[in-house]
Each structure stands twice: as structure tokens, then as C-alpha cells.
Participant: 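Questions regarding the structure given below will be posed in turn.
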Amino acid sequence: MVTKLLKNSVGRKLVMALTGFCMAGFVVVHLVGNTAIFLGPEAINLYAAKLKSLGPLIWVARGGLLAILAAHIFFGITLTLENNKAKPQNYAVKKRQATTLSSETMIYSGLLILAFVVYHLLHFTVRVTNPDISEAVDALGQHDVFFMVVSSFQMIAISCIYIAAMVVLFLHVRHGIHSLIQTFGLNDDKTIPLFKNASLGVAAVLALGFISIPLLIYLGIVKL
Ligand code: HEM
């Protein structure tokens with residue numbers, strides 16, 4: 001039954017929608033958690049320590065997230081290859097469908113976000129890109145996440161990488177939410193503009209929320 005479902009493109013779109021929804025959920029929770037940085041070192045360091053104290057549960061969550069990410073990438077690539085194959089080539093006059101920059105670049109924005117996530121994990125989770133500022137501990141003996149994040153975003157190159165990645169995330173999430181609504185058949189001709197604006201709004205809040213962290217640190221509003 002599952003293999004049958006995955007063999008047709010509707011089934012695969014459904015997997016894309018569900019896995020995309022789960023990852024968007026993670027990103028929202030991650031953003032809310034990260035805003036603890038605006039409350040100062042105690043708040044963000046305690047939040048990180050609490051997450052760490054979940055022990056094996058955190059590894060279960062990481063495994064689940066990795067499986068969801070792998071499925072999203074696999075079906076994203078195969079659906080794109082299929083769509084490209086099915087596209088009529090070499091028309092004398094190319095009739096453009098109602099597309100946006102986001103919808104035409106989903107595969108590229110997706111791969112760029114993947115590259116960002118790999119860098120981000122090496123930066124803040126494995127902590128190999130800037131080891132000099134990544135291993136400090138606070139007065140309570142907890143990992144000093146505040147020092148690591150603030151010291152990182154005081155460097156213009158790192159802030160720029162994160163801000164650029166969040167612009168790409170905005171493009172991907174905007175079209176992703178819109179596609180998800182269509183996949184589940186939640187829209188009709190009348191509600192298309194409404195859902196389009198709602199997708200844009202959610203993606204913008206998410207991206208601007210993340211951008212505010214490197215921006216406020218780089219501008220010196222959040223500092224050590
Ligand atoms: C300004 C933006 C961001 C900041 C400041 C930030 C901060 C952090 C920090 C400090 C950690 C390490 C937590 C710890 O081990 O103590 C982390 C982990 C992580 N972040 Fe972010 N993050 C940002 C954006 C994002 C985005 C946009 C994504 C996804 C697209 C993302 C995905 C992840 C993942 C998957 C982890 C690993 C979670 C784990 O430990 O299992 N982050 N982030």
C-alpha cells in the first residue's frame with residue numbers, strides 16, 4: 001500500500017507536504033527557543049542545558065528529524081526530475097504559468113538550505129568551525145551558548161552567511177506553505193490570493209525572526 005502510494009506523484013507530493021510541515025514545525029520551535037538569547041545569557045544557556053538533559057530523547061528526535069529530512073530531499077529531487085522530463089521543450093512561444101521566483105527555484109533554495117544546515121551544525125552543534133569561541137562554560141558550569149552565538153555574529157562574514165540563508169529560507173517556506181495548502185486541496189479560486197498572502201506572511205515572520213538575531217548582535221544591541 002505504502003509503495004503503491006509512493007509510486008504515484010500525488011503520493012510523493014503528500015510525503016513532501018507532510019515532511020515539509022514537520023520541518024517547518026521544528027524551525028518555528030527552534031526560532032522560539034532561540035529568542036531566549038534576547039533575555040540574556042542565563043536564559044539561553046539554561047534552555048540549551050535543559051535540551052541536553054533530555055539525554056536519549058534528544059537522539060530519538062534527531063533520528064526522526066534526519067529521516068524526515070532525507071525523505072523530503074529524496075522526493076524533492078525525484079519530483080523535480082520527473083517534472084523537468086514532462087515539461088514540453090522547444091515551444092516557439094513559451095507560455096508562462098503563474099509562477100513566482102520561489103516556485104521556480106524550490107530545488108535550488110532547498111539545496112542551499114541543506115548546505116546552510118550542514119554548516120550550521122558544524123558551527124553550533126559539532127563546533128568545529130570556530131572552536132576558539134565555542135567551548136566556553138558559564139558560572140554554573142553550563143555550555144556558554146550566549147557567548148558562542150554573540151561572538152559568532154559579531155563577525156560580519158558569519159552574520160552575512162546566516163542572513164543570506166534566511167532570505168533563501170523565506171523563498172522556500174513561502175512556496176512550501178502555498179504548495180502544502182494546494183496538495184491538501186484546502187484552497188479554491190477565491191481563496192488562492194488569501195492563502196498566497198498568508199504563506200508570504202508566515203515565511204516573512206519566520207525569516208525576519210531569525211534575521212533579528214545576527215542583526216541585533218552585529219549592530220551591538222545584543223552584546224557580551
Ligand atoms: C539566527 C539563526 C539561528 C540561530 C542563532 C541558531 C542557533 C542554534 C544553536 C545555538 C544550536 C545548538 C544548540 C545546542 O546544541 O546547544 C542550533 C542547533 C540546530 N539548528 Fe539552529 N539556529 C538558527 C537557525 C536555524 C535554522 C534556520 C535551521 C533550519 C533550517 C536550524 C537548524 C538547526 C538544527 C537542525 C540544529 C541541531 C539541533 C540538535 O542539536 O539536534 N537553525 N541552532
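Here the structure is a predicted model, which means the values were calculated and not measured. Whatever order the structure lists them in is the order used to number ligands and atoms, beginning at 1. Residue indices begin at 1 and follow the sequence shown.
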Participant: For ligand 1, note which part of F146 has a heavy atom under 4.0 Å away: side chain, backbone, both or neither.
Facilitator: neither

Participant: Enumerate the atoms of ligand 1 whose separation from the nearest heavy atom of P214 is less than 4.0 angstrom.
Facilitator: 1 (C)

Participant: Out of H30, R127, R62, H172, indicate the one that has the non-hydrogen atom closest to atom 40 (O) of ligand 1.
Facilitator: R62

Participant: Evaluate whether atom OH of Y218 has more than 12 neighbouring non-hydrogen atoms of other residues, nucleotides or ligands under 6.0 angstrom away.
Facilitator: no

Participant: Would you tell me which option among M23, H120, H143 has the nearest heavy-atom contact to atom 23 (C) of ligand 1?
Facilitator: H120

Participant: Under 4.0 Å, heavy-atom basis, I'd like to know which part of A165 is in contact with ligand 1: side chain, backbone, both or neither.
Facilitator: neither

Participant: Under 3.5 Å, is there a donor-acceptor pair linking the side chains of D188 and T191?
Facilitator: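 Yes, side-chain donor-acceptor contact under 3.5 Å.
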
Participant: Measuring from atom 11 (C) of ligand 1, which candidate in F116, F124, Y47 has the nearest non-hydrogen atom?
Facilitator: F124

Participant: Check this for me - ligand 1, Y162, N or O atoms closer than 3.5 angstrom, yes or no?
Facilitator: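 N/O-N/O distance below 3.5 Å does not exist for this pair.
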
Participant: If the cut-off is 4.0 Å to any non-hydrogen atom of F153, which atoms of ligand 1 fall inside it?
Facilitator: 5 (C)

Participant: From atom 2 (C) of ligand 1, is the closest protein heavy-atom distance below 4.0 Å?
Facilitator: yes

Participant: Numbering the atoms of ligand 1 from 1, which are under 4.0 Å from a heavy atom of L121?
Facilitator: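 Within the 4.0 Å cut-off of L121, ligand 1 contributes 34 (C), 36 (C), 37 (C).
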
Participant: Between the candidates S159, A48, A24, which shows the shortest non-hydrogen contact distance to atom 16 (O) of ligand 1?
Facilitator: A48

Participant: Within this structure, what is the CG-NE2 distance for the pair L206 and H30, rounded to the nearest 0.5 Å?
Facilitator: 10.5 Å

